[in-house]
Amino acid sequence: MQKTETLKKNYEFKKILTKGKYYSGEYIEVFIKQNNQAINKIGIAIGVKLGKAFQRNYVKRLIRENYRKLEEKIKVGYEIVFLWKKKVSIKNANYHYIEEDMNNIFKKIGIFK
RNA sequence: AGAGUAAACCGAAUGGUCGCGGAAAAGUUUUUUAAACUUUUAUGAGGAAAGUCCGGGCUCCAUAGAGCAAUGGUGCUGGGUAACGCCCAGUAAGGGAAACCUUAAGGAAAGUGCAACAGAAAAUAACCGCCACAUAAUUUAUGUGGUAAGGAUGAAAAGGUAGGGUAAGAGCCUACCGCUAAUAUGGUGACAUAUUAGGUCAAUGUAAACCCCACCUGGAGCAACACCGAAUAAAAAGAAGAUUAAGACUGCUCGUCGCCUUCUUGAACUGGUGGCUUGAUAUAUAUAGUAAUAUAUAUACUAGAUAAAUGACCAUUUAAGACAGAACCCGGCUUAUAGAUUUACUUAAAUU
RNA sequence: GCGGAUGUGGCGGAAUUGGUAGACGCGCUGGUCUUAGGAACCAGUGCCAACGGCGUGGGGGUUCGAGUCCCUUCAUCCGCA
């Protein structure tokens, strides 16, 4: 199994947020864009205004953990950015909610193998 | 018992399955360094990591400058410390029944300012009142003088109470209380106690108003700063010139550097590496000290990321639930905080 | 991470050295005018248990008295690679 690659630079995020396709769930939002490489890259962005530092870190961990479990089941060659929905309080973050949400979104995209 | 006060300490643990950060060792591949991957091993957020309110280390700015003493800070006393606005021990004032707690606690007789409204008057107090005398007049008016006992006000009105005294009054005199000063004793000292003297004991409050006194104080910050790489011709560095014109060194004067133009060398930045964790370090014991703390000995090495590492699920502990995430590093302060434990002390009211 | 600034009615924005908080403009409400609307003019407009009390982001202090001075805290905004 390959190690999960992450997006690092601000311009990479901007490119996907402006040019990528947008999908929304109950808790999280997803921007996705094809790249022609043999790996997937993900990035997670949680705004400063949504919560305090430990809360944002917690949400990042939950999203990363969920992605890790689904990673083997999805197709290769995408760049994905996850956002937290601004309307939902960050205190409602929960592993199972995000699991369900991410499954639904990925089905909608049709990214499963 | 309950209630309260002060101090200290913890702030999830154990097992299983997957997963992440950097470190060390071994192996495989490309093989010159090194890079990638795999496996194993131990290890990986806090008491506040927070606010950025102070003090340092470290780096650069001229070696961090000279004069004015301007700016800013601190402010009972003694001690501790690398240093502090912090800590410890005491003093004074205030609060509490008590244990104990709180305090930006120098100077208002060096000078200046302010004190709205009300009030006669807000700081060199005579408007009304009281008293004496004079004049007019006939029981009032006017003038001169004495008087701080009484008077609406106000946050604040010129020591308080009682008696004597007087034309009326007044520290005018006496007693007590308060206040001030001197001397003595105790204490390193703030200060305390005692004695004596003082009624010229007139000069209110405000210094978190200006100010005075004592002590301290250069600026910027790890996005500091140093180095490497590739790609491109804006900035930077060096030299020369001109002008004192923006600006930097916290205010002013000097001094140093600098705008701009020309020439030469080649960079910025969203790349990378160092800075980056062994330190005024932690733990234990002993000694000195009331204590803060210091000294000695032994042992330990305990995060170092860069879109940024600690999570998910299951089981057990009755329940796992608070505040909350290192970003160069230390010493404090302040603020947030469910619950749990220990020690010492107090006991008025209410309950048993 | 570091450095700096600002918080006053519904909105913008005043308040001289500490001395009646809400000037002024916009908006809103009511009235006059009009068949109706607009415009214009006039009046009102912080909150409450309404005599009175509370109000300058929150809490505390200095002062007789604080929007103003001091401490602390919260929120918002800006700059620095």
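So that the names make sense, note that chain A is the first sequence line, chain B the second, and so on, each numbered from 1.
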Separation of the C1' atoms in B/rU217 and B/rG85, to the nearest angstrom: 13 Å
Partner of C/rG79 under the Watson-Crick or G-U wobble criteria, both distances under 3.5 Å, comes out as C/rC2
Per atom distances to the A/His96 side chain, the nearest of B/rC313, B/rG325, B/rG311 is B/rC313
For this session: Provide the distance between the two C1' atoms, one in B/rU77 and one in B/rU91, to the nearest whole Å.
Result: 7 Å
Q) Taking atom P in both B/rC269 and B/rA236, what distance in whole Å separates the two? A) 11 Å
Relative to its sugar, using the 90° cut-off around 0, the base of B/rG169 is anti
In Watson-Crick or G-U wobble terms, with both distances under 3.5 Å, the base opposite B/rG2 is B/rU347
Between CD of A/Glu65 and C1' of B/rG19 the distance, given in whole Å, is 6 Å
Paired to B/rU166 by Watson-Crick or G-U wobble criteria (both distances under 3.5 Å) is none
Taken to the nearest whole Å, OH/A/Tyr67 to P/B/rA307 is 18 Å
A/Phe54 CZ to B/rG311 P, in whole Å, measures 12 Å
field: Whole-Å C1' distance, C/rU8 and C/rA66
entry: 14 Å
The residue, A/Lys60 or A/Ala53, whose nearest nucleotide of RNA chain B is more 5′ is A/Lys60
Taking only the P atom of each, what is the distance from B/rU41 to B/rU17 in whole angstrom? 12 Å
Item to complete: Please state whether the rings of A/Tyr67 and A/Phe106 are parallel, tilted or perpendicular, taking 30° and 60° as the class boundaries.
Response: perpendicular
Relative to its sugar, using the 90° cut-off around 0, the base of C/rA49 is syn
Whole-Å distance, A/Ile63 CD1 to B/rA308 P, equals 12 Å
Got a donor-acceptor contact below 3.5 angstrom from the A/Lys41 side chain to the A/Tyr78 backbone?
-> no
Rounded to whole Å, the CG-C1' distance (A/Leu70 to B/rG19) equals 14 Å
Rounded distance in Å between the P positions of B/rG65 and B/rG219
11 Å
Side chain to side chain, A/Ile80 and A/Phe31, heavy atoms closer than 4.5 Å: no
By the Watson-Crick or G-U definition, both distances under 3.5 Å, B/rU17 is matched with B/rA312
Any A/Tyr58 side-chain N or O less than 4.0 Å from OP1/OP2 of B/rA312
yes
Heavy-atom closest pair (A/Lys60 atom, A/Ile46 atom, distance to 0.1 Å) is CG-CG1, 4.0 Å
Taking B/rA214 as the reference, what is the distance to B/rC76 when you measure between their C1' atoms (whole Å, please)?
14 Å
| task | Give a yes or no on whether A/Tyr97 atom OH has more than 12 heavy-atom contacts from other residues, nucleotides or ligands under 6.0 Å away. | result | no
note: A/Glu79, atom CD; B/rA307, atom P; distance rounded to Å ~ 16 Å
Per the glycosidic torsion and the 90° limit around 0, nucleotide B/rG44 is anti
Please determine whether a side-chain nitrogen or oxygen atom of A/Arg64 lies at a distance below 4.0 Å from atom OP1 or OP2 of B/rG21. no
Assign each of A/Lys52 and A/Tyr95 the nucleotide of RNA chain B bearing its closest heavy atom; nearer the 5' end lies the nucleotide of A/Tyr95
Of the candidates B/rG325, B/rG311, B/rC313, the side chain of A/Asn57 sits closest to B/rG325
Using Watson-Crick geometry (N1-N3 plus N6-O4 or O6-N4) or G-U wobble (N1-O2, O6-N3), each under 3.5 Å, B/rA197 is paired with B/rU180
Q | Pair of N/O donor and acceptor under 3.5 Å linking B/rG19 base with A/Arg61 side chain | A | no
Mate of B/rG238 across any strand shown (Watson-Crick or G-U wobble, both atom pairs under 3.5 Å) is B/rC263
B/rU193 glycosidic conformation (syn if within 90° of 0, otherwise anti) is anti
Evaluation steps, side-chain hydrogen bond (donor to acceptor under 3.5 Å, both in side chains), between A/Tyr22 and A/Glu29: CA-CA 7 Å; A/Tyr22 169 75; A/Glu29 297 171 325; 3.0 Å; yes
Q.
Take a 6.0 Å sphere around CD of A/Gln55 and say whether it holds more than 12 heavy atoms from other residues, nucleotides or ligands.
A. yes
From CG of A/Leu62 across to C1' of B/rU310 the rounded distance in Å is 13 Å
With syn defined as a glycosidic angle within 90 degrees of 0 and anti as anything else, the base of B/rA45 is syn
Q. Would you call A/Ile98 and A/Trp84 a side-chain contact if the rule is heavy atoms closer than 4.5 Å?
A. yes
Any strand, both distances under 3.5 Å, Watson-Crick or G-U wobble: B/rA141 pairs with B/rU135
Mate of B/rA62 across any strand shown (Watson-Crick or G-U wobble, both atom pairs under 3.5 Å) is none
In whole angstroms, the gap separating C1' of B/rA45 from CZ of A/Arg56 amounts to 16 Å
* On a whole-Å scale, what distance lies between the P atoms belonging to B/rG80 and B/rU341? -> 42 Å
